[in-house]
Amino acid sequence: MTRRWPQIWERLRQSLSVEESLNTTIDTSKTFLDAAKTLQENGESLEPLKPLLQHSSSLLDVLCSPLAQVIGAGLPFVPMGIALLKLYRPNSQEQTTLEDCVFIVSQIAYLESVKEILSSDINVNWDAHFQSDAAVRQQIQKLNDIELDYEAASKTINCFRQSELAQVFNQVLLARLISANISDAEILTERVAWNTHRYLVKAWIESGDITKNVIQTSLGEWQKTQQKFQSIDEYLKSQIATKPEEKVFNEDFSFKDIYVPLKARNVDKNGKLDTKTEPFYLETWSKTLILATNPNTQRQVMFIQGGPGRGKSVFCRMFADWVRQNLHPLWTPILIRLRDIDEFQPSLEETLRSRIKADFAQSDNGWLTDRNTRFLFILDGFDELRIERGNNQSVQRFMRQVGTFQNDYQDNKAGHQVIITGRQMALHGIDRLPPNLERVEIAEMDVELQQQWFEKWYRKFSTQKTLEFMDFLQIPLDTTAASQQVTQNQKSCPQQITELAKEPLLLYMLTAMHRDDTLNINKFEQVTETEAKILVYEQALNWVLTKQRADTRHPDLNYELTRQHPEALRRILAEAAVCVVQSGGESASMQMVKARLQQDDEAKELIAKAEKELGEEALKTALGAFYLKSNDHGGVEFFHKSIREFLCAERIKQSLEEWTEPGRRGRTFNVDEQTMDWEIYDLLGYGGLTREIVEYLMGLLIPSKEFRSVELFKRLENFYLRWCEGEFIDAPPENFPQKKMRLLQEQGIKQGQRQVDIFAGLNVMILLLELHRYAQGRDELKQQIIFYPSGEPLEDAWTGRLIRIINYSDGVKLGNFRNVAGQFFYYTNLSRAYLRGANLSDTDLSCAYLSPTDLSGVDLSRANLSCIKLSRANLSRAYLSGSDLSGSDLSCAYLSRADLSSADLSGANLSGANLSGANLSGANLSDANLSSADLSGANLSHEIFGDIMWDENTNWENVRGLDTAVNVPEALKQQLGLS
């Protein structure tokens, strides 16, 4: 049966024998609130409804009145709807229909939602600019035009926000908000519509027998839905609202106290950063995408990349809470640290559910398909996924799941969206990224952001010292008269301090250390970026271990708490860092840390002494005090990844120096060969050194007085050569790979002896490559330290050591070699290496020497080959799609039938190169030298990759074979006179 609202309202009037009044001076809000208050106190009385029915045309008329009274009264409105249902039912000649109930209850539920959403912002005066209710009444009139049948009423019950009633109600509220000059009126209106369903549910539950025979859904189902909303509320309160309130390290202030919005830049589909346009606010970009109405934009997965310390994780916690406060339930934020996912399921839906322990996800199989809830999944730390290092297939599968998830839930109208964060290298080596990936990179803090940050810092520490440090960094503080007190600092700020202060984490560290008088500015003169970071971390560690929590009453509080001196604490922290790194995740068990310390007699004695005085929790106390925290699994993790990487590098440096320490009583070295061999496996027999750890390691080693570069190179090279011959893996049981495997497996880390052996050898190779690069820049060392990964070049033969290593590594897991060592092959000498058919995709071979080298059939897709020397190299059938070959020397190279689609060959020397049958579609040949090159049968265009690109500086002199080339662009034919 079809119903119209005027019929229902008139019937309600008749039931109480009231007639419509034309008195427009009646205060509708007062009438409405008086009725609500009386019904709250005496639910049996229907008399309060008379004035409401007499002087209103609908319940929504209350929106024509000042909203402050309605919002501030705090009265429940649902009882009014139930009273109207009672009034309506016994006085109707017909049975109450579903359409009747929906017309009445939906208005009350909508007003409850208005009250809740608008009252959440206590700083807004909803009536300040409200002058006329004409626009609102015009929209209310449209309510009379709606015809509601059973099907439409059922759809309203199932999903109010998508109903015809919602559209009309929204226009009423929108007109009211716009007439009061309220910003974000459309978003507020959408939030109210999304929120109405929970009050519809509440009304159906409280209506009891009144609607029992009208609505098919059972009371139990409504209660289950209500419990779901309550569960979401509890999750937001405990897991999202608390995040900005968490303390920064061991300070007495929280993240929200010093957080400032970050800026970002776009990253294109090829991973290149847009540096030409001005950075934009990251929050604004994120809001724009999640609030977009364009269907294509709604399908985009947002990927936010940034280096260590750029503020990715803090942004996640702050943005999640902003969404909770300003967009829920239009969007409900779900924040997941990817490091906390222990096991990945076959689908993203199952993976998400396994991590979200709240009842709304655990007890409802349809939690993602319910059209009344829409989630914004914020997945923090893509580079911290607990997937075995080098397993690009698993990482790629996860990214494919995310892309598919985003598409699927746009198609079924649920509309969930995903934000992922990670370091720049997080997507490196993934062959096929989801096409719906929208990438940005967090930019360095500019002066504007630094000023905002210091304004917040000044509120916490309003001292002359803060102002002086700002002046030193040349950052103005405009918002306080105190800035006038600072005297001009005559000492100039070193460039590296200026650069480090652009990173949020390092800005905090620098400022906190300056506050505590532990920052030595003089050390930062003329150092590299890595050296500057090392200085900050070194000074920060000294500050934390000695000064941070000390005061006049407890000048040595750290020792009182831990019974460890600073040197011992630093050693414990370093070993903990090694444990976390070797665990392959973001944390390590206390058992693993303790077991590692037990291997060293000195450390073992220190822990035993502390446990004797403080009990069995002594180690946990020591670790928990400094940059570490306990997690849900009973382990420890570092507050920040960079600190962990720095400490791990410091621990490796210690061993490298010990291995070359001169021996006594005729011994060449203090550490014998067998001991060193085991320590290499113990320290390096895990998933692979990261670029960050290696950078810190070399930055620590080079200035050290204990760094004996030649001796270290010879000892490591000796190990490398013996490893290549299988000496360690073939040794009788229990050999070193087996021993390390056993120790790891005892701590729950699944790694076989071949994996241990491969990682130990490849990590040593990485160290040798770093020593080679270091020595080649120094005249006194360049002849003493030369590393040939594939063996020293022979005049009349190829060297095959490297291809055997690649095959051995990839035999355990495809792509193992490139994922562990591939990023360290820049400036490497691979002359005369036999690499036919090898997988070197995504490898950094920039400025490497590959002339001559057999690279036929090699997969070099997306490899960095810029400035490379490949003259006369054999690259026939090589797969070079998307590779960076800019500035490379490929003169006379054999590239027959090579795939160079979308390759960057700008500035490359291809003179005399054989490019017959090569695929050059989409390749960039700007400023390239193609003189005398052979392009017979080459493909120069493709419908996917597009035409080759060239400019006025491309040299086509004496180029051969263009007459037989395929898909030659018309513009090129005209330029060369071939058309």
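Because the structure is predicted, anything quoted here is derived from the model rather than measured.
No donor-acceptor contact under 3.5 angstrom links the side chains of Glu283 and Ser286, judged on distance only.
Screening Val102, Leu98, Ile146, Thr97 for a side chain to side chain contact (heavy atoms under 4.5 Å, CB included) with Arg3, the sole residue that qualifies is Thr97. Of the options Ile419, Val402, Leu433, a side chain to side chain contact (heavy atoms under 4.5 Å, CB included) to Val301 is made by Val402 and by none of the others. Across Glu116, Glu112, Glu190, a single residue satisfies side chain to side chain donor-acceptor pair (under 3.5 Å) together with Asn195, and that is Glu116.
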Quiz prompt | Verdict with supporting geometry, Ser58 and Ile140, side chain to side chain contact (heavy atoms under 4.5 Å, CB included) | solution = CA-CA 8 Å; Ser58 73; Ile140 289 177; 3.8 Å; yes
Quiz prompt | side-chain hydrogen bond (donor to acceptor under 3.5 Å, both in side chains) assessment of Thr297 paired with Gln300 | solution = CA-CA 5 Å; Thr297 304; Gln300 298 302 106; over 6 Å; no
Practice problem: Test Glu10 against Arg13 for salt bridge (Lys or Arg N to Asp or Glu O under 4.0 Å), laying out the working first. | Solution: CA-CA 5 Å; Glu10 182 58 31; Arg13 281 176 174 158; 3.7 Å; yes
Quiz prompt | From CA spacing to verdict: side chain to side chain contact (heavy atoms under 4.5 Å, CB included), Ser231, Lys228 | solution = CA-CA 5 Å; Ser231 175; Lys228 174 181 177 177; 5.6 Å; no
Quiz item: Where do Arg198 and Asp233 land on the side chain to side chain contact (heavy atoms under 4.5 Å, CB included) test, with the steps shown first?
Solution: CA-CA 12 Å; Arg198 70 161 54 205; Asp233 291 342; 2.9 Å; yes
Self-check item: Worked verdict on Thr421 versus Leu379 for side chain to side chain contact (heavy atoms under 4.5 Å, CB included)
Solution: CA-CA 7 Å; Thr421 71; Leu379 310 180; over 6 Å; no
Practice problem: Check the pair Phe375 / His416 against ring-ring contact (aromatic ring centres under 6.0 Å, His included), numbers first and verdict last. | Solution: CA-CA 5 Å; Phe375 298 107; His416 310 303; 5.5 Å; yes
Quiz item: So Glu206 and Lys202, salt bridge (Lys or Arg N to Asp or Glu O under 4.0 Å) or not? Walk me through it.
Solution: CA-CA 6 Å; Glu206 295 183 7; Lys202 179 179 172 67; 2.9 Å; yes
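For Asp34, the salt bridge (Lys or Arg N to Asp or Glu O under 4.0 Å) criterion is met by Lys30, not counting sequence neighbours.
Atom NZ of Lys287 is surrounded by more than 12 heavy atoms from other residues, nucleotides or ligands within 6.0 Å. The environment of CD in Gln138 is sparse: at most 12 heavy-atom neighbours from other residues, nucleotides or ligands sit within 6.0 Å. Environment of NZ in Lys357: crowded, with over 12 heavy atoms of neighbouring residues, nucleotides or ligands closer than 6.0 Å. Under a cut-off of 6.0 angstrom, the local environment of CD in Glu186 is sparse, with at most 12 non-hydrogen atoms contributed by other residues, nucleotides or ligands.
The shortest distance between side-chain heavy atoms of Leu236 and Thr332 falls below 4.5 Å. Two residues are said to be in side-chain contact when any heavy atoms from C-beta on lie closer than 4.5 Å; His328 and Val323 fail this criterion. Looking at heavy atoms from C-beta onward, Trp126 lies in side-chain contact with Leu118 at the 4.5 angstrom threshold. Considering only heavy atoms from C-beta on, Ile304 comes within 4.5 Å of Phe315 through its side chain. Here the side chains of Arg161 and His197 are not in contact, with every heavy-atom distance at 4.5 Å or above. Side-chain contact between Asp340 and Arg355 is present, with at least one heavy-atom pair separated by less than 4.5 Å. For the pair Gln417 and Gln410, the minimum side-chain heavy-atom distance is below 4.5 Å. The closest side-chain heavy-atom distance from Met302 to Trp285 is below 4.5 Å.
Not a single donor-acceptor pair under 3.5 Å links the side chain of Ser56 to the backbone N or O of Leu59. The backbone N or O of Ala109 lies less than 3.5 Å from no partner atom in the side chain of Ser113, so there is not a single donor-acceptor pair. Using modelled atom types, one side-chain atom of Arg353 and one backbone atom of Gln362 make a donor-acceptor pair closer than 3.5 Å. Using a distance-only test at 3.5 Å, with no hydrogens or angles considered, no donor-acceptor pair links the side chain of Thr404 to the main chain of Gln401. Under the 3.5 Å distance criterion, the side-chain polar atoms of Lys269 are matched with a main-chain donor or acceptor of Leu437. A donor-acceptor distance shorter than 3.5 angstrom exists from the side chain of Gln7 to the backbone of Arg4, with no hydrogens or angles considered. Put simply, the side chain of Asp149 gets close to the backbone of Ala152: a donor and an acceptor are under 3.5 Å apart. Between the side chain of Arg317 and the backbone N or O of Lys243, at least one donor-acceptor pair lies under 3.5 Å.
In this structure, Phe377 has its ring center closer than 6.0 angstrom to the ring center of Phe405. Between Phe77 and Phe32, a ring centre-to-centre spacing shorter than 6.0 Å is recorded.
When all heavy atoms of Ala175 and Gln139 are compared, the closest pair comes out as CB-CG, 4.0 Å. Annotation for Leu338 and Gly381: closest pair CB-O, 3.6 Å, computed over non-hydrogen atoms.
Annotation: the span from Thr196 atom OG1 to Ile108 atom CD1 amounts to 11.5 Å, rounded to 0.5 Å.
Ring-plane geometry between Trp5 and Trp9 is classed as tilted, the angle between the planes lying from 30 to 60 degrees on a 0 to 90 degree scale.
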